[in-house]
Amino acid sequence: MEQQLTPAAPPSPRVAVSAGSRRASLVAAIFLMATSAIGPGFITQTATFTSTLGAAFAFAILASILIDFVVQLNVWRIVALTRMRASDIANAALPGSGYVLAALVIFGGLIFNVGNIAGSGLGLNALLGLDPKIGGALSALLAIGIFLSKRAGVAVDRLIVVAGILMIALTIYVAFVSAPPVGDALRQTVWPDTIDFATITTIVGGTVGGYITYSGAHRLLDKGTVGRENLAAVTRAALTGIAVTGVMRFVLFLAVLGVTASGVALDLSSQAANPAAQAFQIAAGELGLRIFGAILWFAAITSVIGAAYTSVSFFSTFNPAITERGRNLSTVAFIALSLAIYLAIGTAPAALLVFVGGFNGLILPIGLTIFLYAGFRRGDLMDGYRYPRWLLWLGVLVCALTWTMGYRSIGPIFAFLGQ
């Protein structure tokens with residue numbers, strides 16, 4: 001999900017930012033990162049893996065939160081200090097690598113957006129009983145209309161806040177009434193019965209992979225909340241966004257765990273599979289299913305717009321002279337291409353949503369490697385600030401871990417396309 005629907009011009013290198021504007025931009029960045037991570041992929045992946053792994057999935061959630069912490073903290077801080085976009089940082093650190101990073105983010109965003117359209121189809125299926133393909137097509141066309149209409153975009157921004165509150169309230173309610181085995185979940189958070197690297201890679205990719213890595217940081221850059229003077233506030237904003245996402249994921253996990261622990265088997269692979277909706281229906285009845293469908297649809301429709309907008313923002317790497325009209329037309333074309341791919345492939349929507357998280361998890365270590373190199377070798381880009389070596393070395397550990405997990409997870413992740 002994304003709040004900003006129209007591209008903003010980059011700030012001047014030393015733009016002054018008032019305290020009120022800084023607070024507003026920090027809140028917007030926190031909301032943008034958290035809501036980008038809490039989309040249809042987030043919801044479906046959590047339900048799918050809770051059903052297959054049970055309480056052991058708690059360990060994957062903890063691992064994903066720790067990885068998110070290191071990745072987002074480094075990316076947000078380096079973008080703020082250099083006052084540059086991610087691809088520009090990459091090109092300055094390793095000439096040519098910015099083009100590679102931009103291409104990967106754009107392609108990963110396209111794959112992500114195919115999954116977002118699938119999620120919108122699942123949402124309308126749960127809400128109205130529509131076929132997911134028809135629901136996805138209608139939602140993509142509506143997303144294009146919303147993007148082109150600033151007034152509609154403002155209305156959606158307000159509706160999504162309400163939908164977000166409803167999602168949190170409904171999830172907490174389901175977590176309570178489903179009576180999950182909390183003790184077992186807490187134990188397996190630190191001592192799991194099984195560890196699945198493909199699961200962790202997918203969860204990380206769904207919350208911090210691809211365009212999500214840079215969405216909040218670029219929002220701060222657009223608003224001028226950059227430089228050493230804003231570094232402490234940027235750090236707090238990154239940590240807050242990670243905490244919001246982590247808490248919401250754990251509560252959703254408990255809600256689904258209570259259902260699956262009772263012996264209910266969720267449908268994970270059929271064309272009509274919608275595991276999270278099934279869990280909410282079992283725990284909260286028909287009304288719970290319809291409310292969940294509306295929430296999932298709102299999450300998906302704003303994610304369609306957000307993924308397209310953020311991915312297209314990397315087009316300037318290849319064409320610095322691109323105009324606002326060119327960006328808008330490119331965003332519309334991006335959504336249309338995502339829809340065409342979704343309609344052409346036969347993968348079940350739920351399986352597709354899991355795959356896109358895994359695919360973007362495979363992309364993550366490439367961008368992180370470039371950023372860490374910039375942190376170690378290009379201190380001259382950071383306004384005279386000596387970047388903390390402990391944070392960079394934590395990044396090295398996480399980077400090595402994500403490369404290893406990615407290598408071991410390629411087969412299982414691509415196997416989701418066959419479902």
Side-chain angles (χ1 to χ4, degrees), residues 10 29 33 36 66-112 201 204-222 226 231 234-235 238 242 307 310-320 358-383 385-407 409-410:
M33 184 187 80
S36 291
L66 295 177
I67 292 172
D68 288 0
F69 161 77
V70 175
V71 172
Q72 290 285 26
L73 207 54
N74 275 297
V75 169
W76 282 41
R77 287 166 60 91
I78 291 175
V79 167
L81 287 167
T82 60
R83 305 169 190 263
M84 299 163 65
R85 292 188 178 276
S87 54
D88 295 329
I89 295 171
N91 274 332
L94 290 169
S97 64
Y99 300 109
V100 176
L101 179 61
L104 288 172
V105 170
I106 291 168
F107 184 68
L110 178 64
I111 300 299
F112 224 120
T201 301
V204 170
T207 54
V208 75
Y211 81 95
I212 298 173
T213 307
Y214 312 103
S215 59
H218 281 187
R219 179 63 181 264
L220 292 177
L221 186 65
D222 287 341
V226 290
L231 191 59
V234 168
T235 300
I242 295 165
T310 307
S311 299
V312 168
S313 73
F314 279 83
F315 281 18
S316 60
T317 304
F318 303 99
N319 181 16
F359 183 84
N360 279 276
L362 298 177
I363 292 176
L364 174 64
I366 299 174
L368 182 57
T369 298
I370 296 172
F371 263 73
L372 292 174
Y373 179 83
F376 276 113
R377 304 294 296 175
R378 294 305 308 269
D380 57 303
L381 300 175
M382 300 186 194
D383 201 21
Y385 178 80
R386 178 171 170 77
Y387 201 85
R389 287 310 189 249
W390 66 269
L391 190 53
L392 288 175
W393 282 112
L394 278 179
V396 170
L397 291 175
V398 166
C399 193
L401 178 62
T402 53
W403 275 112
T404 302
M405 290 192 307
Y407 174 76
S409 305
I410 292 176

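We count residues from 1, following the sequence as given. This structure is a prediction, so every number in the text was calculated from the model and none was measured.
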* Candidate list R378, M382, M84, test side chain to side chain contact (heavy atoms under 4.5 Å, CB included), partner I78, passing option ->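 Per the side chain to side chain contact (heavy atoms under 4.5 Å, CB included) rule, the option paired with I78 is M382, out of R378, M382, M84.
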
* More than 12 foreign heavy atoms under 6.0 Å from CZ of R386: is that the case here? ->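 Counting neighbours around CZ of R386, 12 or fewer heavy atoms of other residues, nucleotides or ligands fall under 6.0 Å, so no.
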
* Mark yes when over 12 heavy atoms from residues, nucleotides or ligands other than Y99 sit less than 6.0 Å from its OH; otherwise mark no. =>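 No.
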
Heavy-atom pair with the smallest gap, counting every atom of [X] and [Y]:
| X | Y | result |
| --- | --- | --- |
| N91 | G96 | OD1-N, 3.1 Å |
| V105 | S311 | O-OG, 4.0 Å |
| S87 | T317 | OG-OG1, 2.7 Å |

Student check: side-chain heavy atoms of [X] and [Y] closer than 4.5 Å:
| X | Y | result |
| --- | --- | --- |
| I89 | F371 | yes |
| I67 | M405 | yes |
| I106 | F318 | yes |
| V79 | V226 | no |
| W393 | F376 | yes |
| N74 | L391 | yes |
| L368 | L372 | yes |
| T201 | T402 | no |

* Could you walk me through whether L101 and Y214 pass the side-chain contact (heavy atoms from CB on, under 4.5 Å) check? -> CA-CA 11 Å; L101 179 61; Y214 312 103; 3.5 Å; yes

* **Geometric cation-pi criterion, R77 with Y387: 6.0 Å, 45°** =>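 Here R77 passes the 6.0 Å and 45° test against Y387.
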
